[in-house]
Amino acid sequence: MIRDEKKFQAMLAEVQRFVRDECQPLEEEIDRTDEIPEPLVQRMRELGLFGHSIPEAYGGAGLTTEELALVNIEVSQVATTFRARFGGNTGIASESLVVDGTPAQKDRYLPRMASGEITGCFALTEPEAGSDATALKTMAVREGDCYVISGKKCFITNAPIADLFTVFARTDPQAKGANGITAFLVERGTPGLSSSAPYRKMGQHGSPVGEVLLEGVRVPASAIVGGVEGQGFRTAMKTLNKQRINLAALCVGPAIRLVDEMVRHARTRRQFGQAIAEFQLVQQFIAQSNTEMHAARALVLETARKRDEGVDVAMEASMCKLFASEMCGRVADRAVQVFGGSGYLAGNVAERFFRDTRLFRLYEGTSQIHLVNIAKKTLAVR
Ligand SMILES: Cc1cc2nc3c(=O)[nH]c(=O)nc-3n(C[C@H](O)[C@H](O)[C@H](O)COP(=O)(O)OP(=O)(O)OC[C@H]3O[C@@H](n4cnc5c(N)ncnc54)[C@H](O)[C@@H]3O)c2cc1C
């Protein structure tokens, strides 16, 4: 749902300008240095990018699902690492608080997340609990008015730089699966909490991802998201359901960019005395990519609108994530092919997007996990 078309288009135009004029020229440099320069992060703060999905009452823009999807399609037309810097705060790192936080928790954290003063992260995955997140082993033991948390989280986006950690831990060792898991808000500086150095990754350089170590971390009971024990996994699923639509939108932007890049290259590269764009086999790469990008965009926007209308889109959100991430992978692969040998060299736009977008099929539910979800839900209603 778009609330105010004129206002929204002005905001979108501002985002487009920022992405094209300030981010795109830095793409290669950040891929090499693995770091987003602080002045650019400051610009993201000034433009309100950290607070897009946070309600207006807490200083954010309160974007609807459709509005956020459209913004995500714009911001992902440059290297996706830029969006990863502020995306936690407008996605998984704030959404648990937005959907289930107590008024006091929202007052304490959301305004500072919306302004970008603090960076959040969502710490669910563990070495032995990836696709099966309910197998997590991190424990939180009640001691009087406090909980003592011990465990290890891995693959956590922004962990090396985060100020606020949403940590999922088991509070009831007897409960099985999703039951007995609780979400805690843990601030950097709490004794016993530490984060690792960033991993070296295949792509998305500039987006620090690392481990979180919790060694007897003592937090008050008021740190439980929503204040109620045992609700953590439900909170995580609510968060991820919305995030899957966001993420699918983030797969559409790279496809738009890569279609543009394929067209530009195909028009200028000449072989056999003519532009390679004249060859129908090259045209096929472009036509297939453009068609699939349009299909993914349509699915994402339709699902976003349905969610804004209050429809349960759990299955459709999975379909969006699955289809858009697989589509993006196919488009990136075709882009490398259109660029030929140069598409395999470091510094080439197709090569960089190929590495960056590979992640989309892995995190926030692998393609296989989404297929399983979709099958389960389809079989349940037929
Ligand atoms: C760069 C990066 C950033 C990340 N950021 C975060 C973050 O911020 N917060 C967070 O909590 N996590 C994060 N993750 C973790 C991510 O969500 C997990 O890596 C993902 O859920 C997969 O878990 P896994 O790596 O343990 O793979 P596994 O679960 O071990 O899967 C390995 C393979 O087995 C397949 N498989 C597993 N189960 C089934 C099944 N039932 N049926 C069919 N196939 C199956 C998978 O599809 C996959 O192909 C991030 C990961 C990466 C790489």
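When a ligand or atom number is given, it counts from 1 through the structure's own listing order.
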- Note on the structure: In terms of its nearest heavy atom to atom 18 (C) of ligand 1, the top option of Thr166, Val212, Ile156, Thr125 is Thr125

- For atom 53 (C) of ligand 1, the option (of Val209, Leu359, Leu240, Leu136) bearing the nearest heavy atom: Leu359

- With heavy atoms only and a cut-off of under 4.0 Å, state how Thr366 meets ligand 1: side chain, backbone, both or neither. side chain

- Message: At under 4.0 Å between heavy atoms, is it the side chain or the backbone of Glu364 that contacts ligand 1, or both, or neither?
- Response: backbone

- Sub-4.0 Å protein heavy atom near atom 30 (O) of ligand 1: no

- Report yes or no: does Asp4 contribute a side-chain atom to a donor-acceptor pair with the main-chain N or O of Lys7 at less than 3.5 Å? yes

- Message: Below the 3.5 angstrom mark, is there an N/O of Ala129, backbone or side chain, next to an N/O of ligand 1?
- Response: no

- Message: Does any N or O of ligand 1 fall below 3.5 Å from an N or O anywhere on Lys201, backbone included?
- Response: no

- Message: Applying a heavy-atom cut-off of 4.0 Å, say which part of Asn158 lies close to ligand 1: side chain, backbone, both or neither.
- Response: neither

- Below 3.5 angstrom, do we get any N/O pair linking Asp132 and ligand 1? no

- Query: Could any protein non-hydrogen atom be found less than 4.0 Å from atom 35 (C) of ligand 1?
  - Reply: no

- Donor on one side chain, acceptor on other, Glu211 and Ser195, under 3.5 Å: no

